Amino acid sequence: MSRSEQAMTTGATPMDRWNTIPWKKIEKNVFKLQKRIYQASRSGNVKTVRKLQRLLINSRSAKLLAVRKVTQDNQGKRTAGVDGVKSLTPKQRLKLANSLKLGHKAHPVRRVWIPKANTEEMRPLGIPTMYDRALQTLVKLALEPEWEARFEPNSYGFRPGRSCHDAIEAIFTAINHKAKYVLDTDIAKCFDRINQEALVKKVNSSPTLRRQLKAWLKAGVLDDGQWFPTEKGTMQGGSISPLLANIALHGLETAIVKHVFDKLKVSQTKREMIIEK
């Protein structure tokens, strides 16, 4: 625990009232830990990454920030899970932050159907309980900087600090001087068909975190009062789902480029020249 966090828990800063929490200091504490996780991941120091992730997940600052994101900042903050909870008082938010801990047996997600853009189809969302959403957000705060240090440079979806405008700019830069081939694909029902065992193995987290991820993935879905098992896919609608999808798809660009080079029988020297360009 950092000195600033110790001060906050010993009464130097009023932490018993939600509206008096020093959010700038909280965000700074979390960012410092995330930056250290990122740097350790970049250097390949897995042991340090795991140590810092444990520190962040147990951090009071990270727990408070996770609860604020879920109950105040996120767009779906008033959407209830199977527990029916869709809003919390400041006192309840503090209580929730204090209760966050890995090892929780996840509740089923509540199935919600929303219209799919430009089609008559409906898209299924799984809404976790308020507790599970807060815990997922806390875990995401720890996992995201590790994977941000590893993701391929041309990945833009669901990435912090990136948008579709960045993707458009990258495409414009790539095709500005020379005509290029374009591979246009649509991964049908991507979230719904991810292999859970392969995903958990790829995340390669600590045993405690691994068990928690499995609990969320296997929690099942409650649709119109009936429970259905979830043998594959991720809980689309959970705060950690976009990150898990990106982890599952990580390496796809490298695999496609290698496949094309192999088919065209491009030499290793030429491959390196093309990739550098």
Side-chain angles (χ1 to χ4, degrees), residues 27 30-31 34-35 37-39 41-42 65 69-70 72-77 79 112-127 133 136-137 139-195 199 202-203 233-264 266 270-277:
E27 290 170 350
V30 174
F31 178 75
Q34 287 184 310
K35 185 177 179 181
I37 293 169
Y38 178 88
Q39 291 170 337
S41 181
R42 288 277 290 181
L65 186 59
K69 284 178 179 290
V70 167
Q72 293 181 282
D73 299 347
N74 291 356
Q75 190 174 358
K77 60 190 175 186
T79 307
V112 175
W113 296 90
I114 61 171
K116 199 172 181 180
N118 304 319
T119 178
E120 294 183 359
E121 291 183 43
M122 300 292 282
R123 184 191 301 277
L125 291 182
I127 309 301
R133 267 181 276 174
Q136 285 179 21
T137 303
V139 170
K140 183 183 177 184
L141 289 173
L143 281 180
E144 196 165 58
E146 175 193 357
W147 283 90
E148 278 298 309
R150 299 166 61 182
F151 281 143
E152 291 161 318
N154 291 319
S155 167
Y156 291 92
F158 305 117
R159 297 278 302 277
R162 293 191 171 202
S163 68
C164 59
H165 296 290
D166 297 307
I168 292 169
E169 184 180 350
I171 293 169
F172 177 80
T173 303
I175 67 175
N176 193 29
H177 301 294
K178 186 178 180 182
K180 301 285 179 69
Y181 287 101
V182 176
L183 175 63
D184 183 14
T185 63
D186 181 12
I187 304 174
K189 297 184 178 180
C190 173
F191 281 86
D192 300 331
R193 296 177 178 176
I194 291 173
N195 184 305
L199 173 61
K202 192 172 183 179
V203 174
T234 65
M235 49 285 181
Q236 189 174 1
S239 56
I240 200 173
S241 297
L243 174 61
L244 293 179
N246 273 343
I247 292 173
L249 295 173
H250 175 62
L252 185 60
E253 179 186 356
T254 303
I256 290 172
V257 170
K258 183 180 183 304
H259 176 75
V260 171
F261 283 160
D262 289 345
K263 283 286 185 182
L264 297 176
V266 179
K270 190 138 186 198
R271 292 185 191 201
E272 292 172 358
M273 289 174 61
I274 293 171
I275 290 171
E276 284 178 4
K277 289 180 181 179

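Every value quoted in this text rests on a predicted model; they were computed, and no experiment measured them.
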From [X] [atom1] over to [Y] [atom2], what is the distance, rounded to the nearest 0.5 angstrom?
X      : Y      : atom1 : atom2 : answer
Arg150 : Ile247 : CZ    : CD1   : 8.0 Å
Lys77  : Gln72  : NZ    : CD    : 7.5 Å
Ile240 : Arg133 : CD1   : CZ    : 14.5 Å
Leu65  : Thr137 : CG    : OG1   : 9.0 Å
Phe191 : Gln236 : CZ    : CD    : 5.0 Å
Leu143 : Leu244 : CG    : CG    : 7.5 Å

*How far apart are the C-alpha atoms of Leu141 and Lys69, what are their side-chain angles, what is the distance that settles it, and do they pass the side-chain contact (heavy atoms from CB on, under 4.5 Å) test?*
CA-CA 11 Å; Leu141 289 173; Lys69 284 178 179 290; 4.2 Å; yes

Non-hydrogen side-chain atoms of [X] and [Y] separated by less than 4.5 Å:
X      : Y      : answer
Asn246 : Phe151 : yes
Ile187 : Arg193 : no
Pro115 : Met122 : yes

*asked:* Please determine whether the number of non-hydrogen atoms from other residues, nucleotides or ligands lying under 6.0 Å from atom NZ of Lys202 exceeds 12.
replied: yes

*asked:* Quiz question: by atom type and distance under 3.5 Å, do the side chains of Glu253 and Ser155 form a donor-acceptor pair?
replied: no

Do you know which two heavy atoms are closest between [X] and [Y], and how far apart they sit?
X      : Y      : value
Asp166 : Gly161 : OD2-O, 3.9 Å
Ala245 : Ile194 : CA-CD1, 4.0 Å
Gly238 : Pro242 : O-CD, 3.6 Å
Ala174 : Lys180 : O-NZ, 2.8 Å
Asp192 : Pro124 : OD2-CG, 4.3 Å
Leu249 : Cys190 : CD1-SG, 4.2 Å

Heavy-atom donor-acceptor pair, [X] side chain to [Y] backbone, under 3.5 Å:
X      : Y      : result
Gln136 : Ser239 : yes
Thr173 : Glu169 : yes
Glu148 : Tyr38  : no

*If you measure from the Lys or Arg side-chain nitrogens to the Asp or Glu carboxylate oxygens, is any gap between Asp262 and Lys258 under 4.0 Å?*
yes

